[in-house]
Asks: 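Here it is, the structure in full.
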Amino acid sequence: MKSQIAIVTGILLSFNAAADEEWIFGVGAGVTSYESAYKGVGTETTVFPSLYAQKGNFLLAGNKVQYTLYGNSKFQVNLLGQYRFEGYEAGDSYMLNDMEERDGALEAGVSASFDTHYGILSASFVTDISDTHEGHELSVGWAKPYQLNAKWMVKPSLELNWRSDDLNNYYYGVKSNEATVQRAVYKADSSMSYRAGVDAFYVVDKQQTIQMGIGVNGWGSEIEDSPIVDRSNSPEVKAAYTFRF
């Protein structure tokens, strides 16, 4: 799921400027706990490693890799690659029994960000390049970092996502050969979703940082109406530790 995404990016970018010709590396671990949208799954808790690497215009952070095509102190345009942590296995709940497994997907696209007085505005478009869900997602976002002191930063954020019908249908549709008395055939259309959250960052020293956050993912009606879904939103909490070389 999306909430499994490694959460090291923001603090490293906020407190450390990369030298153009020097590699910067970071490793760490995180834990996230969230309410799954899938019926019968309930709360899922995942512990995961994370990796960060940056040199010049290249950035690897968690599940995303980025190359900046154009950038200055206020505006950036990037090529983007990412792995989508979404899907399930048939054994995850009684409602998913005998369903075909839905896998994560490798996606590529473009992104842009604009640093304004009111916050950082961003947009991205990604499409499946792994022939998994064969769909697309268009996202627009806002985030506002608040530097409280030398140790603490707080960053509220909001993101709106348009998900294509192929994307929604792969993860939340029910095929005719998967239908049962309790699980009707369902074909999802495109829809909007959102994510809102607040992250707090604590700098232990020049090499160590800790991040904590709370958030909620809100699902559109095309997802919410699926017979394998029983939630309109999915709250989550997360924490991570990063060591920078």
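Numbering starts at 1 and runs along the sequence shown.
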Asks: With sequence neighbours left out, what residues match D230 under side-chain contact (heavy atoms from CB on, under 4.5 Å)?
Replies: K39

Asks: Could you tell me which residues satisfy side-chain hydrogen bond (donor to acceptor under 3.5 Å, both in side chains) with Y94, sequence neighbours excluded, listed by chain and number?
Replies: none

Asks: Taking the ring centre of each residue, are F245 and F243 less than 6.0 Å apart?
Replies: yes

Asks: Using side-chain contact (heavy atoms from CB on, under 4.5 Å) as the criterion, list what pairs up with I214, not counting sequence neighbours.
Replies: V237

Asks: Can you name the side-chain hydrogen bond (donor to acceptor under 3.5 Å, both in side chains) partners of S190, sequence neighbours left out?
Replies: none

Asks: Return the orientation label for the F75 and F114 ring planes: parallel under 30°, perpendicular over 60°, tilted otherwise.
Replies: perpendicular

Asks: Checking A53 now: which residues fulfil side-chain contact (heavy atoms from CB on, under 4.5 Å) with it, not counting sequence neighbours?
Replies: W23, F25, L60

Asks: Does K175 have any side-chain hydrogen bond (donor to acceptor under 3.5 Å, both in side chains) partners at least two apart in sequence or in another chain, and if so, which?
Replies: E100

Asks: Determine which pairs satisfy salt bridge (charged side-chain N to carboxylate O under 4.0 Å, His left out) with at least one residue from residues 193-204, sequence neighbours left out, and list them in order.
Replies: R195-E236, D199-K238

Asks: Taking only residues at least two apart or on different chains, which pairs with a member in residues 116-136 satisfy salt bridge (charged side-chain N to carboxylate O under 4.0 Å, His left out)?
Replies: none

Asks: Show me, pair by pair, the donor-acceptor contacts under 3.5 angstrom made by side chains of residues 222-229, not counting sequence neighbours?
Replies:
| residue | atom | partner | partner atom | Å |
| --- | --- | --- | --- | --- |
| E222 | OE1 | D189 | N | 2.8 |
| S226 | OG | Y172 | O | 2.6 |
| S226 | OG | I228 | N | 3.3 |

Asks: Under the rule for ring pair (Phe, Tyr, Trp, His ring centres under 6.0 Å), what residues qualify as partners of Y88, not counting sequence neighbours?
Replies: Y38

Asks: Starting from the C-alpha separation in whole Å, work towards a yes-or-no answer on side chain to side chain donor-acceptor pair (under 3.5 Å) for S111 and N78.
Replies: CA-CA 5 Å; S111 67; N78 314 294; 3.2 Å; yes

Asks: Name all pairs fulfilling the salt bridge (charged side-chain N to carboxylate O under 4.0 Å, His left out) condition that reach into residues 103-123, sequence neighbours left out, sorted by first residue then second.
Replies: R84-E107

Asks: Considering residues at least two apart in sequence or located in another chain, which fulfil the side-chain hydrogen bond (donor to acceptor under 3.5 Å, both in side chains) criterion with T180?
Replies: none

